[in-house]
Amino acid sequence: MPSLSTAAAAEQVVELARRRGDAAEVHLAESEARPIQFESNQLKCVHTKCTRAISVRLIRSGRIGFASTTDTSDPAGLLDRAAASAAFGQEAKFAFPGRSAYPNVAVYDPRVADFPIERGIELGREAIQQVLSQYHDVQCYVEVSKSVGAERLLNTSGLDVQTRLTGFDSSLTAVRVGEGGILWVSDGESSHALVADFPRYAAKVIADVRLAEREAPVPAGPRPVLFTARAVGLLLQLIESAVNGKLVQKGASPLTGRLGDQVLGADVTLYDDGTRDYGDGSAPFDAEGMPAQRTPLFERGALRNYLVDLQTAGMLELAPTGNAARAFAAPPRPEATNFVLEPGSDSFDGLLAGIDRGLLVDEVLGGGHSNVLAGEFSVNVGLGFLVEHGQVVGRVKDCMIAGNVFELFHRVRGIGSRQETHGSTVTPPVCFDGVHVTGGD
Amino acid sequence: METLARQALAHARADYAEVRIERRATTHVTYVGRELEDLSTFTSVGGCVRALVKGGWGFASFNDHADLPRCVRLACEQAALVGSGQSRLAPPMPAPARIASGCAADPREVPLEQKRALCLRYDQRILAHPRIQTASVRYRDSWVDTTFASTDGPCLSQEEVFCGVSIAAIAKDGMNVQRAHKSVGDLRGYQIVEGLEADCEQVAERAIALLAAEPVRGGRYTVIADPLLAGVFAHEAFGHLSEADFVYENPPLREMMQIGRRFGPEHLSIVDDPTLPGEAGSYGFDSEGMPGRRTELIRGGVLASRLHSRETAAKMGEEPTGNARAIDHQHPPVVRMSNTYIEPGEWRLEDLLADTGQGLYARGSLGGQTDMEMFTFSAEEGFLIRDGKLAERVREVVLTGNVFETLANIDAVGNDLALYGGLGGCGKRDQSPLRVSTGAPHLRIRNCLVGGR
C-alpha cells in the first residue's frame with residue numbers, strides 16, 4: 001500500500017483542486033524491486049530499487065495540464081505546476097470517470113512477495129550448473145527479479161481505487177565464444193505471478209547451443225519462414241502500433257479509417273485482453289480508472305477496433321477500451337495490454353515438416369528500427385536455422401529477413417495450435433510464405 | 001547533502017561504498033499533429049548507495065533522504081550476501097570538486113509558454129506541406145544536480161543541463177507511410193533548439209520524397225554511409241564491444257579482444273571522449289566519481305584500449321577511463337560510452353562517390369542494435385550510386401554484418417567528421433536512454449549486406 005505520506009499528499013492534491021474549482025486526477029505508483037544478477041557464471045549483485053511517483057492531471061477551463069514528481073513534500077507546488085501547464089494545454093475531450101465495476105484480475109501473487117532472495121540465488125546457481133554440465137565453455141548470465149508495488153488513482157469525480165501488484169522476471173542467457181563468433185541463446189519469462197522454471201530455460205538454452213553448433217548456408221530468395229512464438233512478437237509489435245488509437249487519430253496509421261475492412265488474412269484473429277490473470281499487461285482498471293476488457297482487434301482478418309485512452313476515444317468518437325497506460329511519472333497514453341493471437345490447428349512439428357527449403361526464426365536483431373508505421377521489417381536473424389525437407393539443418397548467420405506485416409498476414413501457411421506467453425504477447429508459432437531472405441555470398 | 005552522505009557512509013560495513021544524491025527537474029513539450037499531447041514538468045529527489053564486499057555488489061535506491069541510513073545498511077548486507085572473493089578497484093583519480101553546467105542559454109530561464117510556442121511553430125511549418133499527414137515535435141530539457149561521496153575519495157558535485165528537440169514529418173499515401181526526422185540535443189543550452197525552420201522544411205520534403213521511393217533490393221553492396229549513420233555504426237558495431245564489463249570476466253572474449261589485435265585498416269581510428277565541451281555524452285566525472293578522459297579505442301586499425309569502470313580496470317590490469325555511468329539514481333553505474341567517433345581521413349565526398357562507381361549511399365539513422373558479433377543499423381533513406389553519381393532514392397535500407405569483417409571492409413574514410421547528439425540515446429541492460437554523441441566522417445564499406453526484397 002502507498003506509504004502514509006504519499007497517500008496524504010495525493011489526497012491533499014485532490015482536495016485542493018476541488019477547492020480551486022478544478023477537475024483533477026492523481027495517480028500514485030510505488031514499488032520495491034529486488035533484482036539478482038549473475039554474470040559470467042558468478043553471482044554479481046543484489047539490488048533493492050525503491051521507486052515512487054505522484055502525478056497530477058488537471059482540467060481547468062476545459063484544458064489539460066500535467067505535472068509529476070517523486071517528492072511528496074509539496075502537494076500545492078505540484079498542483080501549481082499542473083495548472084501552469086493547463087494554461088495552454090490541449091482541449092479536454094473527456095471528463096474524469098467515477099467508479100465503475102471492475103473485473104477480477106489477479107495481479108498480486110503472495111508467492112512473489114514471500115519469495116526469499118536466497119532462493120533466487122539458489123535457482124540461478126542450479127541453472128548455471130545444469131548448462132555447464134553439458135557445455136563447460138559457455139558463460140551464463142542469470143537475472144531473477146521480484147517486485148512488490150501499489151497503485152492508487154483518485155479524482156474529483158469521486159473515483160478512489162487501488163491495487164497491490166507483484167512482478168517477477170526470470171531469465172537465463174548463455175554466451176558461447178568460439179572460432180565462428182559469438183552465440184547468444186536465452187530463455188525466460190515475466191509475469192505478475194512467480195515464474196521461475198529455470199530447469200526448462202536451461203534445457204532450451206542447451207538445445208539451442210546444440211542446434212547452433214552446425215552452420216548452414218542462407219537460403220536466399222522468397223522463402224517459407226516459420227516464426228517461433230517468441231519471434232512472432234516482432235510482427236505483432238508492428239500491428240500493435242497500427243491499431244494504437246493515437247496513431248490512428250493522427251492519420252499516421254495505415255489502418256486509419258479502415259474499421260470493418262478485411263486487413264489481414266481470414267485465418268487471423270487477434271485481440272487485446274487486459275483481463276488475463278497475471279498477464280504482464282493485465283490490471284483490473286487502466287491508468288485512468290476504466291475497467292479492463294477484452295477487445296477484438298481482428299476477427300478472421302477484419303479490423304474491429306482501435307485501442308484508445310479517454311482523450312483519444314473522445315477525439316475519435318469511439319467507446320473507451322480501457323487501454324490507458326503510463327510510463328514512470330508520464331501522462332496516460334493508449335497502449336496494448338496483452339496482445340493475443342488465436343491459435344490455429346497446426347502442430348509445430350507439422351509446420352516444420354511442411355517446409356521444403358526455408359527458415360526457422362527464433363530471435364531477431366534490429367526490430368523496431370525500420371519503417372514501423374508502414375508495417376515494414378528488415379532484421380538480422382539473431383538465432384535462426386536453415387530447414388530442408390522438414391528438417392533443421394543448421395544455424396544461419398549474416399542473414400536478413402524482410403517484409404511487410406500486412407502483406408505477410410495474407411500469406412499465412414499455418415498457425416500453431418499451442419500459444420506461448422512472452423511478456424505481454426500471447427501467441428502460437430506462425431509459418432508464412434514468401435518472406436524475403438537475404439545473405440550468403 | 002555532503003554532510004548527509006558522509007555521515008551515512010561512516011556506518012558502511014563494506015570494503016567500499018558510495019552514495020549518489022540527485023535532484024532533477026525536466027520539462028516536456030510534445031506536439032503530434034495539431035494537438036499538444038504533452039506539456040508537463042517533472043521533479044525528483046532521491047539517491048542510491050552501492051557497496052562492495054569481497055567482490056560482491058549491493059545496491060539500494062531511495063526517494064526520501066531519511067531512508068539513506070537504511071539503504072547504506074541494505075546495500076552492505078546485500079553485498080555481503082553476494083561476495084565470496086576479493087574486492088578489487090582501480091584507485092580513485094582526482095576530479096574537480098564542483099562542476100557547473102557549461103550551458104550558454106539556460107532553458108530553466110525560458111518561460112514554458114515560449115518553449116510551447118517554439119514547438120508549435122515547427123509543428124505548423126511541417127503541417128503546412130499539403131502531402132504531410134502529420135508531424136511530431138518533442139522538446140525536452142533537464143537539469144540534474146548530483147552529489148557524490150565514497151569511502152575512498154573526496155566529495156564531488158556536478159550540475160548538468162540538457163536541452164534538445166526532435167522534429168518528425170509523416171507522409172502517407174494509402175498503406176504507404178513514410179517518416180523523416182531530425183533530432184538535436186546536448187549540453188550547450190537552449191539556443192540549439194532555436195532556428196530550425198529550414199530543418200522542418202527538409203524533414204517534410206524528405207518524408208514526401210520517400211513516398212515515391214522503392215524499397216531497396218536486398219543483397220551485397222558497396223555502401224557509403226553518411227556521418228550520422230557511420231557514427232551509429234561506430235557506436236553499435238564497435239563501441240559496445242570495447243566496453244570492458246562484457247569482456248573482463250569472460251576468458252574467451254578477453255582472448256578475442258586483446259590489446260594490439262588488428263581490427264581494421266590503417267586509416268581507421270575510433271575515440272571515446274567525454275571531455276568534449278557541450279556534447280550530449282560529455283561529463284566531468286562519471287557515476288563512480290572518476291574524471292572522464294579521452295580514450296583511443298582503435299588507433300591505426302589496431303585495438304588500443306577499452307572503456308572501464310574502476311572494477312573492470314583493476315581486474316584487467318588496465319588504466320581506468322571514467323566510463324561507469326548510470327542513467328539516474330535508480331540505477332547502478334555500468335560501463336558505457338560517452339561521445340564516440342571515428343576520426344576523419346582524407347577523402348572528400350565527391351571523390352569518394354566518383355571512385356565508387358556503383359553502390360548504395362545510406363543516409364540518416366533510425367537506430368541500430370548489436371549482439372557484439374552481428375549488428376544492424378537502419379538508414380532513414382538511401383540512394384543508389386550509379387556511375388559515381390547519386391541516382392534514384394530507395395527506402396527500407398537496413399545494413400547488417402559481422403563486426404570484425406565489416407571493420408576490415410572499411411576501405412575509405414572521409415574528411416568531414418560530424419558529431420550528433422539528440423533526444424534519443426543509448427540503451428544497455430535496463431538503462432535507457434543514456435545521453436551519448438556519435439560521430440564519423442563519410443565511410444565506405446565494401447561488400448556490406450543490405451536486407452530487402
Side-chain angles (χ1 to χ4, degrees), chain A residues 39-40 42-52 65-71 81 84-85 88-90 117-118 121 137 139 175 177-178 181-182 184 246 249-254 329 331 365-366 368-371 373-376 378-380 382 397-398 400-402 406 436 438-439 441, chain B residues 32-33 35-46 56-63 67 74 78 81-82 112-113 116 133-134 170 172 175-179 218-219 249-250 252-253 256 330 332 366-369 371-376 378 395-396 398 400-402 449-453:
Chain A
E39 290 178 11
S40 298
Q42 302 288 324
L43 178 61
K44 192 68 197 173
C45 52
V46 175
H47 296 169
T48 301
K49 294 180 181 179
C50 299
T51 51
R52 171 176 81 194
F66 184 87
S68 57
T69 187
T70 68
D71 182 2
R81 285 198 285 118
S85 114
F88 18 75
Q90 191 181 347
I117 291 304
E118 291 76 6
I121 294 174
D137 61 339
Q139 305 285 328
V175 182
V177 182
I182 307 173
W184 292 78
K246 190 65 87 182
Q249 184 256 318
K250 306 299 174 191
S253 163
L365 199 64
H369 295 145
S370 316
N371 184 356
L373 290 174
E376 298 280 343
S378 182
V379 292
N380 181 297
K397 280 176 66 176
D398 219 352
M400 297 281 283
I401 52 171
F406 299 109
H436 296 275
T438 319
D441 297 313
Chain B
V32 183
E35 290 87 33
L36 177 60
E37 291 288 336
D38 185 7
L39 178 71
S40 63
T41 53
F42 167 67
T43 60
S44 112
V45 291
W57 289 103
F59 175 89
S61 69
F62 57 88
N63 290 114
D67 276 341
L74 210 53
Q78 292 175 157
L81 193 64
V82 175
L112 192 58
E113 165 60 10
R116 185 196 69 91
Q133 175 68 41
T134 189
I170 291 164
K172 189 172 157 214
M175 292 290 275
N176 184 5
V177 187
Q178 298 298 326
R179 182 177 185 274
E249 287 178 334
N250 190 326
L253 271 177
M256 179 190 270
Q330 304 282 7
L366 299 179
Q369 198 182 351
D371 72 359
M372 303 296 175
E373 181 198 3
M374 302 300 297
F375 64 87
T376 65
S378 305
R395 57 180 171 88
E396 317 305 336
V398 182
T400 194
N402 170 297
L449 183 62
V450 177
R453 290 154 169 86

Reported CD-to-CZ distance for the pair B:Gln78 and B:Phe59, which is rounded to 0.5 angstrom:
10.0 Å
Looking only at side-chain N and O atoms, does B:Ser61 offer a donor or acceptor that is under 3.5 Å from a partner on B:Gln330?
yes
Should B:Glu37 and A:Lys250 be marked as a salt bridge (Lys or Arg N to Asp or Glu O under 4.0 Å) after you check the CA-CA gap, both sets of side-chain angles, and the distance that decides it?
CA-CA 11 Å; B:Glu37 291 288 336; A:Lys250 306 299 174 191; 2.6 Å; yes
Between B:Ser40 and B:Asp38, a side-chain donor and acceptor under 3.5 Å
yes
Determine whether B:Met372 and A:Trp184 satisfy the following criterion, side-chain contact (heavy atoms from CB on, under 4.5 Å), listing intermediate values before the conclusion.
CA-CA 10 Å; B:Met372 303 296 175; A:Trp184 292 78; 4.0 Å; yes
For A:Phe66, which residues count as a ring pair (Phe, Tyr, Trp, His ring centres under 6.0 Å) partner, sequence neighbours excluded?
none
Note: vs chain A, highest number of non-hydrogen pairs under 4.5 angstrom among B:Arg395, B:Lys172, B:Gln178 is B:Lys172
Go through A:Gln249, A:Glu39, A:Glu118, A:Arg81 and name the one with the most non-hydrogen pairs under 4.5 angstrom from chain B.
A:Arg81
Would you mind telling me which of A:Ser253, A:Ser85, A:Ala402 has the largest number of heavy-atom pairs within less than 4.5 Å of chain B?
A:Ser85
What are the two closest heavy atoms between B:Phe42 and A:Thr70, and how far apart are they?
CZ-CG2, 3.9 Å
Is it the backbone or the side chain of A:Ile121 that comes under 4.5 Å from a heavy atom of chain B, or both, or neither?
side chain
Interface check, chain B: of A:Ala84, A:Ser40, A:Gly251, A:Gly65, most non-hydrogen pairs under 4.5 Å belong to A:Gly251
Any chance you could lay out the side-chain contact (heavy atoms from CB on, under 4.5 Å) test for B:Glu249 and A:Gln139, step after step, and finish with the verdict?
CA-CA 9 Å; B:Glu249 287 178 334; A:Gln139 305 285 328; over 6 Å; no
Closest-packed option against chain A by number of heavy-atom pairs under 4.5 Å, given B:Thr43, B:Val398, B:Thr134:
B:Thr43
Which atoms of B:Met256 are under 4.5 Å from chain A, going by heavy atoms: the side chain, the backbone, both sets, or neither?
side chain
Tell me which of these, B:Gly46, B:Gly58, B:Pro332, has more heavy-atom pairs under 4.5 Å with chain A than the rest.
B:Pro332
Applying a strict 4.5 Å limit to non-hydrogen atoms, the region of B:Leu39 in contact with chain A is both
Heavy-atom pair count under 4.5 Å with chain A, highest-scoring of B:Asn250, B:Ile170, B:Leu253:
B:Asn250
Max heavy-atom pairs within cutoff under 4.5 Å with chain B, candidates A:Val46, A:Asn371, A:Leu43, A:Thr438, goes to A:Val46
Against chain A, work out which of B:Ser44, B:Gly33, B:Gly218 has the most heavy-atom pairs shorter than 4.5 Å and name it.
B:Ser44
Where does B:Leu74 contact chain A at under 4.5 Å (heavy atoms): side chain, backbone, both or neither?
side chain
Could you tell me which residues satisfy side-chain contact (heavy atoms from CB on, under 4.5 Å) with A:Leu365, sequence neighbours excluded, listed by chain and number?
A:Asn380, B:Gln369, B:Asp371, B:Met374, B:Thr376
